[in-house]
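One structure is given below, encoded as structure tokens.
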Amino acid sequence: MDLSLTDEQQALWDLARDFIDREVVPNSRDWDRREQVDRGIVAKLGAVGFLGMTIPEEYGGSGGDNLSYCLVMEELGRGDSAIRGIVSVSLGLVGKSIHKWGTEEQRQRWLPRLCSGESLACFGLTEPDTGSDAGNLSTRAVREGDEYVITGSKMFITNGTWADVSLVFARTGGPGPKGVSAFLVPTDAPGFEHREIKGKLGLRGQSTGELVLDGVRVPASARLGDEGVGFKIAMSALDKGRMSVAAGCVGLAKGALEASVQYAKERTQFGKPIASYQLVQEMLADMAVGTDAARLLVWRVADLIERGLPFGTAASMAKLHASENAVAAANLAIQVFGGYGYLDEYPVSKYLRDARVMTLYEGTTQIQKLLIGRALTGVNAFA
């Protein structure tokens, strides 16, 4: 694995950092307090090409490789994980799934709009009673002639109240994963409702919703892939999605570290900067090592994808370590800041609140350990 960046990748990384420092960082605290990101950021993300990364230009994308995508996700995570989530879901989980599994008609209809930011997408997998056990979801899609009638509900859906299209996973067959299919459902379809979820611990500015589908009718042409392959589509999306979450966690931890280093050099106690104290340096060193290790795990996933090699276990390792490290780094950052770290006047309390959910969504820490364990032993602990 070549750990060096090309000039183009480095330039993109610099562009992403500049964009975040200009468009996101100055607004992040206010968005968090209001529990509402400015919707105008979506068009800006589209204009700079971040919503079309890895999607070919013929579909309105900006192209690029997976490492470039991770570099951008890292900077978005540093600036505001709520913004990273908008891109990761609309592009990473849905846009990339349409490109991989969709018909030419589906690609032409949805990808240019998603890549430009004209439209957003959400990923309708999690349900009120079904989280980790995604293969046993209860939302149903019943075939009636040339249409499907979808009934059910989805929970904790990122972009849920903003999305123009939802990739909905519903049961078309018997119990278990093989009975699940996927559908591209316009959110303005009759019977489709969304309810915003407020009062979250972190990612407060991000649109998170509950989706309710009450007899929503879609044409058979809205099905993504064949009947019965929906679970495969979902897991394929989440494998790459875990790389994106992990990259965002690297950025979050990097932001916590950068803020801590700056504060430690400026804050004085007992007549000298706290950066001069050994135990403060220990905390900074732990944050730095954990963050660099997480970044290398993320880059390995990107490298495996580019070379067409299996990457699922590597993605689980990256997501596991990067998310747990983000929580640890943000917690240490608050310790460095002391009492001021407990106030939202400083960025580190938000880093901790945003980091906590990273160990939960797109596969909990415990699920990642079981996936890694299965790869190591050949024994399926899910059975």
Side-chain angles (χ1 to χ4, degrees), residues 3-29 31 37-38 40-57 60-93 95-96 114-117 120 158-159 203 205-206 240-259 261-262 291-292 294-303 305-306 318 322 326 329 347 350-351 354-355 358:
L3 298 180
S4 62
L5 298 178
T6 65
D7 291 343
E8 184 177 356
Q9 289 168 335
Q10 185 62 57
L12 178 63
W13 202 358
D14 294 340
L15 170 67
R17 186 175 186 91
D18 177 70
F19 176 88
I20 293 303
D21 286 342
R22 184 179 68 254
E23 301 289 350
V24 176
V25 172
N27 301 304
S28 181
R29 185 183 66 187
W31 291 341
V37 166
D38 181 357
I41 193 66
V42 175
K44 294 178 180 179
L45 291 166
V48 79
F50 293 166
L51 284 168
M53 297 194 66
T54 75
I55 302 296
E57 293 181 8
S62 51
D65 55 35
N66 282 278
L67 179 53
S68 297
Y69 175 71
C70 289
L71 298 176
V72 172
M73 292 303 103
E74 178 176 324
E75 289 306 315
L76 291 174
R78 178 185 63 84
D80 193 327
S81 292
I83 305 302
R84 195 275 312 164
I86 292 173
V87 179
S88 289
V89 171
S90 189
L91 166 62
L93 295 184
K96 292 183 181 181
L114 295 178
C115 292
S116 68
L120 278 180
T158 299
N159 297 341
L203 302 182
Q206 188 180 86
K240 287 187 178 180
R242 286 163 185 156
M243 176 185 72
S244 178
V245 171
C249 287
V250 172
L252 192 157
K254 179 172 70 174
L257 174 60
E258 290 177 351
V261 169
Q262 179 180 347
T291 302
D292 273 6
R295 180 181 292 111
L296 292 177
L297 286 170
V298 171
W299 287 16
R300 179 177 68 166
V301 180
D303 178 65
I305 294 173
E306 290 299 323
K350 183 178 186 300
Y351 281 134
D354 287 351
M358 304 302 175

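FYI, the numbering just counts along the sequence from 1. Worth knowing before you read on, the calculation uses all heavy atoms, side chains too, and leaves out hydrogens, waters and symmetry mates.
The CG atom of L45 lies 10.5 Å from the CG atom of L91; values are rounded to the nearest 0.5 Å. Put simply, CE on M53 and SG on C115 are 11.0 Å apart, with the number rounded to the nearest 0.5 Å. The CG atom of L252 sits 4.0 Å away from atom OG of S81, with the distance rounded to the nearest 0.5 Å. Rounding to the nearest 0.5 Å gives a distance of 11.5 Å between CG of D303 and CG of L296. The OG1 atom of T54 sits 12.5 Å away from atom CG of L67, with the distance rounded to the nearest 0.5 Å. To the nearest 0.5 Å, atom CG of residue D80 and atom CZ of residue R29 are 13.0 Å apart.
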Dump the intermediate steps for side-chain contact (heavy atoms from CB on, under 4.5 Å) on V72 and S68, then the final yes or no.
CA-CA 6 Å; V72 172; S68 297; 5.9 Å; no
How far apart are the C-alpha atoms of L51 and V42, what are their side-chain angles, what is the distance that settles it, and do they pass the side-chain contact (heavy atoms from CB on, under 4.5 Å) test?
CA-CA 9 Å; L51 284 168; V42 175; 4.1 Å; yes
Evaluation steps, side-chain contact (heavy atoms from CB on, under 4.5 Å), between W299 and V250:
CA-CA 11 Å; W299 287 16; V250 172; over 6 Å; no
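Of all the heavy atoms in A318 and V301, the pair that sits closest is CB-CG2, 4.0 Å. Smallest separation of non-hydrogen atoms from R78 and G255: CG-CA, 3.8 Å. The shortest non-hydrogen separation linking A302 to C70 is CB-SG, 4.2 Å. When all heavy atoms of V48 and L15 are compared, the closest pair comes out as CG2-CD2, 4.1 Å. The heavy-atom pair separating V87 from M73 by the smallest distance is CG1-CE, 3.5 Å. In this structure, K350 and S28 approach most closely via the heavy-atom pair CE-OG, 3.4 Å.
A 4.5 Å side-chain heavy-atom check between T158 and L93 finds every atom pair outside the cut-off. With contacts defined as side-chain heavy-atom distances shorter than 4.5 Å, the pair L12/L71 does not qualify. Side-chain atoms of F19 and E75, non-hydrogen and from C-beta on, never get closer than 4.5 Å to each other. The shortest side-chain heavy-atom distance between I305 and M243 falls under the 4.5 Å cut-off.
By the 4.0 Å N-to-carboxylate-O rule, D14 lies too far from R17 to be salt-bridged with it.
Without hydrogens or angle criteria, E306 side chain to N66 main chain gives a donor-acceptor distance under 3.5 Å. Judged by distance alone, the side chain of S88 and the main-chain N or O of R84 form a donor-acceptor pair under 3.5 Å.
Between the side chains of E23 and N27, not a single donor N or O lies within less than 3.5 Å of an accepting N or O.
A cation-pi arrangement is present between K96 and Y69, with the terminal nitrogen or guanidinium carbon under 6.0 Å from the aromatic centre and inside a 45° cone about the axis.
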